[in-house]
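Can you read through this structure? Questions will come right after.
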Number of protein chains: 2
Amino acid sequence: MRLVIARCSVDYTGRLNAHLPEATRLLMHKGDGSLLVHSDGGSYKPLNWMSPPCSFSVEELDDDDTAAGVVERWRVVHKKSGDALTVRIFELIHDSAHDLGVDPGLQKDGVEADLQRLLAEQIGLVEDGAQLVRREYPTAIGPVDHMVRDINGNHIAIEVKRKANIDAVEQLTRYLELLNRDPVLAPVRGILAAQSIAPQARTLAVDRGIEVLLLDYDAMKGVDSGAPTLF
Amino acid sequence: MRLVIARCSVDYTGRLNAHLPEATRLLMHKGDGSLLVHSDGGSYKPLNWMSPPCSFSVEELDDDDTAAGVVERWRVVHKKSGDALTVRIFELIHDSAHDLGVDPGLQKDGVEADLQRLLAEQIGLVEDGAQLVRREYPTAIGPVDHMVRDINGNHIAIEVKRKANIDAVEQLTRYLELLNRDPVLAPVRGILAAQSIAPQARTLAVDRGIEVLLLDYDAMKGVDSGAPTLF
DNA sequence: GTCTCTATCTCGGAC
DNA sequence: GTCCGAGGTAGAGAC
């Protein structure tokens with residue numbers, strides 16, 4: 001990995017055109033050829049970048065660049081899309097290279113998958129007598145998170161989200177439309193189960209006859225850990 | 001911005017839990033306290049990170065860490081969510097700090113950059129006798145889009161926007177305040193050049209003695225293409 | 001390869 | 001502030 005601190009301007013042309021005026025920034029040039037341009041603030045997203053696979057080259061300076069005070073010009077071109085990043089360096093402040101080796105990678109645990117698993121284990125939270133048919137119930141347009149039968153034997157399709165928004169309602173609507181065409185399954189009710197739901201999403205859901213179930217993650221996790229049953 | 005190359009392990013607890021086993025990585029510690037952990041590959045997304053606003057501290061080592069060979073332990077805690085990142089450093093390979101200043105930010109969408117270039121080429125649109133001193137005229141708080149001299153030799157600072165709003169007026173005001181402190185430049189007039197300007201921005205600009213220039217992008221582009229000069 | 005969905009999404013704009 | 005929609009979305013998983 002090569003780290004360069006430089007006063008530079010950057011131009012991107014691809015899906016859109018974008019320009020970074022002259023300023024001092026970090027240029028992170030990774031081993032796979034990719035380039036990240038970071039300022040001293042903002043979030044983890046670089047100001048500009050080029051993703052691998054891409055080719056990196058140092059170009060000849062033309063008269064305009066020389067006149068403008070450019071001391072080096074980089075060009076990074078994406079190998080598939082042709083998107084290009086041009087970096088004009090006016091002053092090189094720091095330049096170092098480091099051998100980092102291959103990273104073992106991030107070990108994650110616990111997100112939406114957790115919520116899904118917990119609800120499957122505590123399917124009674126949906127309503128009395130609810131029974132899980134299967135998780136990730138397959139349909140032609142993708143799997144429904146949970147397929148459940150209520151106490152009367154009628155089907156319920158459940159979509160689990162951490163935060164439910166309009167998209168979640170639309171997604172569940174599509175599933176329900178498809179599932180209700182199957183005479184073996186119909187009628188299928190829909191339940192949107194989430195830790196939180198956006199007001200407009202709730203309105204839309206209610207309007208479409210989709211029920212909303214708020215999930216208390218911590219409580220569900222407590223049940224899972226067995227803690228509440230200690231006494 | 002502080003750049004550290006170190007053999008380290010990283011733990012995140014927050015929305016989820018995540019762990020990075022010991023390996024050599026780049027730790028980018030930004031001026032706003034945020035921390036990015038990058039490997040020498042992958043995309044622009046760090047392996048792990050903490051977004052601002054957050055607090056950074058170096059912690060006392062406990063016996064376990066010392067026994068494991070930890071030489072330094074960092075803790076970065078998000079000020080609102082409480083999400084926390086713990087970095088255990090086993091070996092410090094590189095450590096450097098750099099003053100980058102405030103970044104002028106990305107100009108997306110190409111149109112604004114286009115406008116800037118076109119106005120530089122057709123600087124006479126500003127007023128009769130106007131002459132371009134330079135584009136991206138540098139100041140301590142970032143570059144002014146265009147520095148121009150009027151027919152009497154007085155300076156004009158021009159800020160170019162696609163849509164000018166209050167922020168644009170504030171930005172130009174800051175530049176003018178700074179530039180007018182320089183006896184070599186003063187007095188510096190200010191012109192806000194835009195395709196459109198919000199009513200409140202226009203009012204504020206006029207109130208501050210900043211002139212407003214409406215730009216006709218299509219007309220300027222037409223001149224640029226050379227079409228009108230063919231006959 | 002394709003499609004589909006998630007994300008510690010990030011980021012901007014509108015209200 | 002909150003909510004909503006777009007992103008050069010990226011990345012993972014299923015098929």
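As the structure is a prediction and not an experimental result, all values here were calculated from the model. Heavy-atom basis, side chains included; hydrogens, waters and symmetry copies ignored. Note on naming: letters A, B, ... go to the chains in the order of the sequence lines (proteins, then strands), and numbering restarts at 1 for each one.
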### Task
Could you pick out which residue, Y12(B) or K80(A), lies toward the 5' side of DNA chain C when each is mapped onto its nearest nucleotide?
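The residue closer to the strand's 5' end, by nearest nucleotide, is K80(A).
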
#### Entry: Whole-angstrom distance between dG5(D) and dA7(C), as gauged at atom C1'
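Those two atoms are separated by 16 Å.
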
### Query
What residue pairs, at least two apart or across chains, pass salt bridge (Lys or Arg N to Asp or Glu O under 4.0 Å) with a residue in residues 197-214 of chain A?
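Listed once each, the pairs are E170(A)-R208(A), R189(A)-E211(A).
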
### Message
Show me the dot-bracket string of DNA chain C, counting Watson-Crick or G-U pairs under 3.5 Å, with | for pairs to another strand and [ ] for crossing ones.
### Response
|||||||.|||||||

#### Entry: Value in whole Å for how far the P atom of dT4(C) lies from CG of L172(A)
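Answer to the nearest Å: 17 Å.
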
### Message
I need the NE2-C1' distance between H38(B) and dA10(D), as an integer number of Å.
### Response
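For the pair H38(B) NE2 and dA10(D) C1', the rounded distance is 13 Å.
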
### Task
Enumerate the residue pairs fulfilling ring pair (Phe, Tyr, Trp, His ring centres under 6.0 Å) with a member in residues 73-96 of chain B, sequence neighbours excluded, ordered by first and then second residue.
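Ring pair (Phe, Tyr, Trp, His ring centres under 6.0 Å) check on residues 73-96 of chain B returns H94(A)-H94(B), H98(A)-H94(B), F56(B)-W74(B).
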
### Task
Among dA7(C), dT6(C), dC5(C), find the nucleotide with the atom closest to the side chain of R162(A).
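Side chain of R162(A) sits closest to dA7(C).
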
### Task
Figure out the CG/C1' separation between D83(A) and dG7(D), and round it to whole Å.
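That distance rounds to 14 Å.
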
### Message
Expressed as a whole number of angstroms, how long is the span from E136(A):CD to dA12(D):P?
### Response
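After rounding, the reported distance stands at 18 Å.
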
#### Entry: salt bridge (Lys or Arg N to Asp or Glu O under 4.0 Å): pairs with one or both residues in residues 82-95 of chain A, sequence neighbours excluded
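Checked against salt bridge (Lys or Arg N to Asp or Glu O under 4.0 Å) - neighbours excluded - the pairs reaching residues 82-95 of chain A are R2(A)-D95(A), R7(A)-E91(A), D11(A)-R88(A), D65(A)-R88(A).
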
### Task
Compare all side-chain heavy atoms of L3(B) with those of M28(B) and state whether any distance is below 4.5 angstrom.
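Yes, side chains in contact.
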
### Task
Measure the distance from CG on L106(A) to P on dA10(D) and round it to the nearest whole Å.
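Between P of dA10(D) and CG of L106(A): 19 Å.
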
### Query
Are any of the side-chain heavy atoms of M50(B) and Y12(B) separated by less than 4.5 Å?
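Of all side-chain heavy-atom pairs linking Y12(B) with M50(B), at least one is under 4.5 Å.
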
Is there any protein nitrogen or oxygen under 3.5 Å from a nitrogen or oxygen in nucleotides 2-6 of chain D, and what are the pairs?
| residue | atom | partner | partner atom | Å |
| --- | --- | --- | --- | --- |
| dC4(D) | OP1 | Q200(A) | N | 3.3 |
| dC4(D) | OP1 | Q200(A) | OE1 | 3.2 |

#### Entry: C1' gap between dG7(D) and dC5(C), integer Å
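Taking atom C1' in both dG7(D) and dC5(C), they lie 16 Å apart.
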
#### Entry: Atom pair CD1 (I210(B)) and CD1 (I158(B)), whose distance is rounded to the nearest 0.5 Å
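Rounded to the nearest 0.5 Å, the CD1-CD1 separation comes out at 12.5 Å.
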
What's touching nucleotides 11-15 of chain C from the protein side, N or O pairs under 3.5 Å?
| residue | atom | partner | partner atom | Å |
| --- | --- | --- | --- | --- |
| dC11(C) | OP1 | S43(A) | OG | 2.7 |
| dC11(C) | OP2 | S43(A) | OG | 2.6 |

